[in-house]
K.L.:
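Below you will find the structure I want to go over with you.
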Amino acid sequence: MTTRDKLIVGNWKMHGNHAANADLLQGILAARPFVAQAAVCVPFPYLSEAAVALANSGVNWGAQDVSAHEQGAYTGEVSAAMLHEFGCRYAIVGHSERRALHGESDQLVADKAKAALARGITPIVCVGETLAQRDAGETEAVVKRQLSAVIHTLAHCIGEIVVAYEPVWAIGTGRTATPEQAQAVHAVLRAQLAAASAHASSMKLLYGGSVKPDNAATLMSQPDIDGALVGGAALKAADFVAIIRAAA
Ligand code: PGA
């Protein structure tokens, strides 16, 4: 069996300010060393301060989105080349909030993942079903369709991405998937990746959706859950650190 290092990623969403960010990052840094890998995905304007605060700390930083385009007349977009200049390690793509609120299609998400990889940034590709889709028994079909676009677009590079399974009904709701529900979907995703890549067994599959200090360890003890994508609990240093430690 392959052992995969655990990875905990904080998704700050549209939260923060200079003072709060400095406190949060200091709180995380003060708790090192960590056994698990850790990263924070911050709003674009704060990338440079994250880069300065986290330089050589072992904690990585990333963005929450990236343009599918290389450069050009795309007002408001941020390219992978720009992120690369900040030493950005990760870019979340296809978060359900962007799929739902900004109409991002499976193909656009795949194109964003490709743009990130082309600049050496690891895309964290989010997939997940809504409650209506789960109730209709469509969970597997939905996540497979979302991942399939990425598999086809990235072809032999698919092994270089991180996948995050985030059931939409669990995001920000305090309602977590049970470890068994999450594991079942992770197993489906890993099997789908295995059909496309020889590296599937070493790829990281994160779970996201109301991960908290008190449920993190059981979720991450599942065989195919290699870490967490954390929203709300990533805004409090003590909680985020507790989740990083729960991964060890
Ligand atoms: P949550 O968010 O931990 O607040 O549920 C997770 C996410 O949206 O990535």
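In listed order, ligands and their atoms are each counted from 1.
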K.L.:
For ligand 1, which atoms have a heavy atom of S210 less than 4.0 angstrom away?
P.N.:
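In order of numbering, the contacting atoms are 1 (P), 3 (O), 5 (O).
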
K.L.:
Taking 4.0 angstrom as the limit and counting only heavy atoms of H95, give me the atoms of ligand 1 inside it, by number and element.
P.N.:
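Per the distance check, 7 (C), 8 (O), 9 (O).
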
K.L.:
Evaluate the side-chain proximity of M82 to Q71: yes if any heavy-atom separation is below 4.5 Å, no if none is.
P.N.:
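A side-chain contact is absent here, since even the closest heavy-atom pair is not under 4.5 Å.
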
K.L.:
Does ligand 1 come near enough to T173 that some N or O of the ligand is less than 3.5 Å from an N or O of the residue?
P.N.:
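So ligand 1 has no N or O lying under 3.5 Å from an N or O of T173.
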
K.L.:
Show the atoms of ligand 1 that are less than 4.0 angstrom away from any heavy atom in K13.
P.N.:
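In order of number, 2 (O), 7 (C), 8 (O).
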
K.L.:
Would one find an N or O of G231, backbone or side chain, under 3.5 Å from an N or O of ligand 1?
P.N.:
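Yes; at least one N/O pair falls below 3.5 Å.
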
K.L.:
State the atoms of ligand 1, each with its element, that fall below the 4.0 Å cut-off from a heavy-atom position in G209.
P.N.:
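Those atoms are 5 (O).
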
K.L.:
Do the charged groups of R134 and E138 touch, with an N to O distance under 4.0 Å?
P.N.:
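No, this pair does not count.
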
K.L.:
Backbone, side chain, both or neither: what part of N11 comes under 4.0 angstrom of ligand 1, heavy atoms only?
P.N.:
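It is the side chain that gets close, since no backbone atom is under 4.0 Å.
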
K.L.:
Check whether any N or O atom of G208, backbone or side chain, sits under 3.5 Å from an N or O atom of ligand 1, and answer yes or no.
P.N.:
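Checking ligand 1 against G208, no N or O pair falls under 3.5 Å apart.
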
K.L.:
Does a side chain donor of either T153 or Q107 reach within less than 3.5 Å of an acceptor in the other side chain?
P.N.:
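Yes, Q107 and T153 have a side-chain donor paired with an acceptor closer than 3.5 Å.
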
K.L.:
Can you list the atoms of ligand 1 that are under 4.0 Å from a heavy atom of G232?
P.N.:
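Those of ligand 1 that fall under 4.0 Å from G232 are 1 (P), 3 (O), 4 (O).
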
K.L.:
Check this for me: does any side-chain nitrogen of one of K212 and D239 sit under 4.0 Å from a carboxylate oxygen of the other?
P.N.:
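No, K212 and D239 are not salt-bridged.
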
K.L.:
How does A170 reach ligand 1, if at all, at less than 4.0 Å between non-hydrogen atoms: by side chain, backbone, both, or neither?
P.N.:
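The part of A170 near ligand 1 is the backbone, not the side chain.
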
K.L.:
Within ligand 1, which atoms have a heavy atom of G172 less than 4.0 Å away?
P.N.:
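Result: 1 (P), 4 (O), 5 (O).
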
K.L.:
Within the 4.0 Å heavy-atom shell around I171, which atoms of ligand 1 are there?
P.N.:
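Heavy-atom distances to I171 below 4.0 Å select 2 (O), 5 (O), 8 (O).
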
K.L.:
Below 4.0 Å from any atom of ligand 1, is there a heavy atom belonging to K212?
P.N.:
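No, K212 has no heavy atom closer than 4.0 Å to ligand 1.
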
K.L.:
Would you check if D5 and K204 make a side-chain contact, meaning some heavy-atom pair closer than 4.5 Å?
P.N.:
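Yes, at least one pair of side-chain atoms sits under 4.5 Å.
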
K.L.:
Can I get a per-line list of side-chain donor-acceptor pairs under 3.5 Å for residues 219-228, giving both atom names and the distance, sequence neighbours left out?
P.N.:
residue: S221; atom: OG; partner: T218; partner atom: O; Å: 2.7
residue: D224; atom: OD1; partner: R190; partner atom: NE; Å: 2.5
residue: D224; atom: OD2; partner: Q183; partner atom: NE2; Å: 2.8
residue: D226; atom: OD1; partner: R4; partner atom: NE; Å: 2.7
residue: D226; atom: OD1; partner: R4; partner atom: NH2; Å: 3.3
residue: D226; atom: OD2; partner: R4; partner atom: NE; Å: 3.2
residue: D226; atom: OD2; partner: R190; partner atom: NH2; Å: 2.7
residue: D226; atom: OD2; partner: L205; partner atom: N; Å: 2.8

K.L.:
Could you label the plane-to-plane angle of the H186 and Y165 rings as parallel, tilted or perpendicular, counting under 30° as parallel and over 60° as perpendicular?
P.N.:
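Answer is perpendicular, since the angle exceeds 60°.
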
K.L.:
Heavy atoms only: give me the nearest A39-F240 pair and the separation to one decimal.
P.N.:
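That would be O-CZ, 3.6 Å.
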
K.L.:
Is there side-chain contact between V142 and Q146, with at least one heavy-atom pair below 4.5 Å?
P.N.:
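Yes, at least one pair of side-chain atoms sits under 4.5 Å.
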
K.L.:
Would you say E166 has any N or O atom under 3.5 Å from an N or O of ligand 1, going by distance alone?
P.N.:
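Yes, E166 has an N/O under 3.5 Å of an N/O on ligand 1.
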
K.L.:
Yes or no: does A233 have any heavy atom under 4.0 Å from an atom of ligand 1?
P.N.:
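Checking ligand 1 against A233, which is what was asked, there is no heavy-atom contact under 4.0 Å.
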
K.L.:
Under 4.5 Å between any side-chain heavy atoms of V230 and N11, yes or no?
P.N.:
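No. Closest side-chain heavy atoms not under 4.5 Å.
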
